[in-house]
Amino acid sequence: MNNLSLSINGQLQRVACDPLTPLADVLRDGLRLTGTKIGCRTGECGACTVLLDGEPVLSCLLPVAAVQDAKIQTVEGLAGDPRFEALASAMDACGGAQCGYCTPGIMVTLTAALRQPDRFAPGEYEAALKNNLCRCTGYRAIREAIAQVTAGLQSQEMTAGPARNSTATSEGAEALGQADALGKVAIPR
Amino acid sequence: MWYSAKDLAEALEVLSSERPVVVGGGTDLFVHWPRRKPAFDGRHWLDVHRVSELRLVNMTAEGIVIGAAVTAAQLWQDARLNAVPALQQAARVVGGWQIQNRATLGGNIANASPAADMVAALAALDARVEVASQRGTRMERLTELITGPKRTTLEPDELITRIHLPSWAVGMRQVFLRLDQRGGTDISLVSAAVALRVEDDRVRQASIAVGAAGPVPLRLPEADAHLVGVRLGGPAEDVEGVADRIARAYAEAARPITDVRASADYRRAMVEVLVRRGIRRLLEEWKG
Amino acid sequence: MSPAVTTHNDLDDKIRGRTKYVADLHLPGELVGGILRSPHPHARILSIDTRRARAIPGVHAVITAADVPHPPFGPTQYKDWNILARDRVRFIGDEVAAVAAESAEAAAQAIAAIEVVYHPLPAVFDPEEALAAGLAGAAGSGAAARVATRAAAAAGGRATDGSGAWAGEPVVIHDETPDNRPMHIHIERGDVDAAFAKAAIVRGGRYTTNRIYQGHLEPIGVIATWDEAEGLTLITPSHIPYRARETYAAAFGLPEEKVRIQVPPIGGSFGAKYVHKAHLIAAALARAAGRPVRIVFDRYEDMLTAHPRVPLTIDIRIAADETGRFLGKDVTVWGDAGARVYWSPNVLATACSRPDSLYHFGAVRAEGHLMYTNHSPTTCMRGFGNAEMLFAVESVIDEIAEGLGLDPAEVRLRNIVHRGETTVHGYRLDSCELEACVKRVMELSGWSRRKDLPKYRGLGMALGNHVSGYRGIDPRFEGSTAVARLRADGVVEVETGEIDLGQGMSSTYARIAARVLEIDPARVLVKSGDTGRYPFGIGTLASRSTVMGGNAIRLAAERLRDALANFVAEALGPGARFAGGVARVPGPDGRAAPGAPEAGEGGSPAPGVAETFGKVYDLAELARLYRARHAGDALEVRASYTPQTDFPGKDFYGNPSPAYPFAAHVAEVEVDPETGRARVIGYWAVHDAGVVLNRVAATGQVVGGVAQGIGWALMEDLRTHRGAVQNLTLLDYRMPGVADVPPVTVEFVEVPDPHGPFGAKSVGEVAIDPAPAAVANAIAHALGVRGHALPLTAESLWRLQRDARRDGGGA
């Protein structure tokens, strides 16, 4: 047992645990941050993705001792981030989650990708998802959500210039496609 | 006990005294951790990912020096390493983005998996590995450091510190190809890295390595030599003939295994396909 | 004015990581359970010594067969289950003993400290061999020989290379079933032999489908508590909790009312989360320890003991005349049930019959053998036998088309079912837009370019059908019950016994209730998933939820609407009217207030309207009025929907479902001729799901089904060797990643079904039914040679081409 201090979602947290405990377990069991899910523990499914100094990593493969001096962000800590919020609205509208178990990991990965547009060309954000598996959606709705967000970000840059503030981003989110409304379907009576 | 070294001296001291398990990114060591943990009972651990000496990439007159703790993501994101595209291509297919953000070049070598993608690329580029301990440092060819599946010449007190790529490898035409079975994270059934130096429309130097088709990366310099002197823009049959001959030589020399992923037969046939493709791609389609 | 109410959005919770799955829940005082599993595929248990395990600090309970009851029970009519293995283990992973401890580490230590002495027994893994191995013990083995002959006859005249032979000692897996065959079915209509005798063409062969892991991202888990007064409570993601309750009550000799199952959000199932031994073992541990016990599998244990899709071996022949019209179909199916019966009988029966209500085959015959083997038990997965059989049927249809020089789409169009028909097994097709689906998918996919595609590119078509609920699930009844309640805040709460597993059921139900009540769907809250609180439901299987549950919701909402209308007239005067989600009282001039809000705008009147033209009451105000007149009680109604369907008898004849969905799919593939690796590069799916109530969810179901079908066809396979799964990780069990699934074009042909709620039919399973076949047909088109065994991996396609070249007969 060691006493470790971790920077999680902008807060210093002290935990007492075996230094080899995977970060995912410390987050989930010790800190009750259960948005980080455990799907495989072998590095394939991506459900446990968190940000380590802004970069997505798999928290099931990370001994907690290795991240003591890093800034850790979980899905809970991304709320309010303009890119996360735009993506959350788009995922909701497009049906990007079904059972939802993989979804927080996908949100974390894609939020990181959207923050690093130089690493992923607009049509290539899905390359960022190689380490995330989804069994429900067939990925189409997730692709649509990415496309809506990147289109929103682009149009926002054209109209509002490079400055990215939360107002501009939420406008981007407003422009997202509409979920189906029952009223669109002509229902014979 | 978990040691987190700040510099190389500290790391070597811990290695010498505690004989710890060295941790780079941990992406292999901590797979299925709760089930593996009992096997590591009582071991010490040395985390080297913060050792600054191990995180540098230097372009020198002798070539490129890459620190052992440089991650796969850093490799493909570092514009200077565009000079070694085979290595960048391999770094970008290892796992997915999350794995690439942690997996280190040194860890990939020390783990000595026959299917390690970056190792196959490094083997074709004739990488040498710098190994340090409190007893001193030594340089060893990558293909000699790795002696078999999960086996290396590393002593318990030794640490991989840097990987050296020779100057001739810089700016060569090169390609890394792998055969996997899906678009998610996967392991190579077979991989091949091909590097060619072309001057005045002739191949002056050729270097090929094949991964996942034997206990260690497969290299056949005598076969590679058939490429030297081949003229670009010459008759297509010449290029095809040489490519076929070399590809067959690699397939014959391969010692693949049968496992749940593929049979030895298939792997051997795919060695031929990948080597031939790599050569032809560099000779016929290269857009440098 | 009513308070603003934001109803719960479960999708937003999932996206933000706020949803609590079973692994995220904890009960005070809970212990961690662990299970000791058999390392042998078949062995006698000679002794179990738990003394060392009990001595480990932190261990509260160690149980074996001696500590649990042993009544005959099981989730279906085959009562071959146990809580823990007594005397004998029957597969690798069979549950032998269990522990409950303060920590996972202590539990693991205790498991390791239990000493079991086994005497290994001969084991059998092949379903055909299983019959012979069982019969080998019976007097004379003539029966085994007869079975082998029958299989050979069905295999298109092709000998089945001695399959069914068994040279070893007899193997009987359950003594009550000496031939190892818990189910043996024959379905025959018409004169099959005569049909084949007059055929212009017969095609067929042996097709095999693989052991598909459902691949739920959330591993199996449960938290059990046992209280002598309250009974057993299980918190676990089961989507048939009432059947699970009945099964578990029988196991422990409890009345059903003393077993309660609470269902947290389900992190994917696809058939894996029906009933599970881990539930029973957690319950037994909780009783023994007197504390709550949680068992949450890791991926290794989940895959080791996975109860995958039932692998089928299908010998099939189809006969047609020279115009491509089918004359007869003859199949023999061997299903590998593994060592216990979960839902494999239903899967086998579906495989033997369902495609016969997609095409008119003429005379049909099916023989199905469900076989015990020493594999881990197999069970259902989306598609449920139909997708498996369609892989064989659709492959053979393409071969017939090729043999006759006809367009495979044309052959299909000549034989498909239509609205108004009753199929050979008695399915009444009161809606069917299959022909329109085929024609539309041809347009969308550019089917006419099929003949001009470059080498190694292929287009493949396959069709599919399914049910919307299946009468045969429970002999006693079918249907669904819903409760609708007006909450004090004006939100309409709807309770159902059906279970949402991420497919969008709750959101569809909210739309149905909202449509009846003419209110915003956001003001409807759908609740389900607790057998102690909500109405009975058969569960989410057989694509039931939209039509069964949806009709119950519609009926309950109609009752609530009528009750509100009566109440409004009674409480607000005879002129008052309930419409558009509000009550309007006539103004002084006798007219109702104009300008009242339309449905979809929140149900509150615009400010000032009431004062000017007479009072408008929204649902919150009506709720207050109602409670004031009914001693505080809320307005609540209840309704059951019972479909007019037939329970299929021994002859499997009857109309088992109120509504049948259909689909036509086209896949486009490109195969690397040197490596054999196939990639799906285009996919088009046109569905007849009746009227689509929830387009985002319905589209998501189709695309998700297609993606699973692509994985099934190309890369997924739980490989076993002598009963042991060889690829126990998500690295080596390859499910499709984003790069493996091409853009999928989805369209619906929307014509209302007379029985579905607002004309809707199911979509969840029919989404996957044609997919493996469409991909396989596209590959056969690309290569000119056909794979008969799923999955069609790169290596298998490489071999197929190599063998075709060697035989000199390949295209």
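Only this structure's heavy atoms are used, side chains among them; waters, hydrogens and symmetry mates stay out. The sequence lines fix the lettering, A, B, ..., with proteins before strands; numbering per chain opens at 1.
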- Query: If you round to the nearest 0.5 Å, how far is SG of Cys99(A) from NZ of Lys14(C)?
  - Reply: 6.5 Å
- Query: In terms of heavy-atom pairs under 4.5 Å, which option from Pro104(A), Ala88(A), Gly35(A), Gly39(A) contacts chain C the most?
  - Reply: Gly39(A)
- Message: Is Ser507(C) close to chain A through its backbone or its side chain, or both, or neither, when contacts mean heavy atoms under 4.5 Å?
- Response: neither
- Looking only at heavy atoms, the pair that brings Met91(A) and Ile15(C) closest together is CB-CD1, 3.6 Å
- Is there a donor-acceptor pair under 3.5 Å between the side chain of Arg135(A) and the backbone N or O of Phe270(C)? no
- Measure the shortest side-chain to side-chain distance between Ile38(A) and Arg299(C) over non-hydrogen atoms and say whether it is less than 4.5 angstrom. no
- Query: If only atom types and distance count, is the side chain of Arg143(A) paired as donor or acceptor with the main-chain N or O of Val738(C) below 3.5 Å?
  - Reply: yes
- Query: Got a second to check how far Asp12(C)'s CG is from Ser89(A)'s OG, nearest 0.5 Å?
  - Reply: 8.0 Å
- Roughly how far, to the nearest 0.5 Å, is CG of Asp302(C) from SG of Cys40(A)? 11.5 Å
- Message: Less than 4.5 Å to any heavy atom of chain A: does that hold for the side chain of Gln214(C), its backbone, both, or neither?
- Response: backbone
- Message: Return the NE2 to SG distance between His216(C) and Cys102(A), rounded to the nearest 0.5 Å.
- Response: 14.0 Å
- Query: What part of Thr745(C) gets closer than 4.5 Å to chain A, counting heavy atoms only: side chain, backbone, both or neither?
  - Reply: backbone
- Message: Is Tyr300(C) in contact with chain A via its backbone, its side chain, both, or neither, using a 4.5 Å heavy-atom distance?
- Response: neither
- Is there side-chain contact between Val746(C) and Arg140(A), with heavy atoms separated by less than 4.5 Å? yes
- Message: Under 4.5 Å from any heavy atom of chain A, what part of Ala697(C) do you find: side chain, backbone, both or neither?
- Response: neither
- Item | Contact origin within Leu730(C) toward chain A - heavy atom pairs under 4.5 Å | both
- Message: Heavy-atom cut-off 4.5 Å, strictly under: side chain, backbone, both or neither for Val741(C) against chain A?
- Response: both
- Message: Between Pro736(C) and chain A, with a heavy-atom cut-off of 4.5 Å, which part of the residue counts as in contact: side chain, backbone, both or neither?
- Response: both
- Query: CG/Asp500(C) to CD/Gln98(A) distance, rounded to the nearest 0.5 angstrom?
  - Reply: 10.0 Å
- Leading residue by heavy atom contact count with chain A [cutoff under 4.5 Å; candidates Ile710(C), Val296(C), Val703(C), Val706(C)]: Val703(C)
- Item | Engaged part of Ala141(A) at the chain C interface, taking heavy atoms whose separation is under 4.5 Å | neither
- Most heavy-atom pairs under 4.5 Å with chain C, out of Val75(A), Thr74(A), Thr42(A), belong to Val75(A)
- Could you check which of Gln701(C), Met735(C), Gln503(C), Arg18(C) has the highest count of heavy-atom pairs closer than 4.5 Å to chain A? Met735(C)
- Between Tyr101(A) and Pro219(C), what is the shortest heavy-atom contact and its length? OH-CD, 3.9 Å
- Among Gly268(C), Ala707(C), Gly704(C), residue most engaged with chain A (heavy-atom pairs, under 4.5 Å): Gly704(C)
- Query: chain A heavy atoms under 4.5 Å from Arg16(C): which part of the residue, side chain, backbone, both or neither?
  - Reply: both
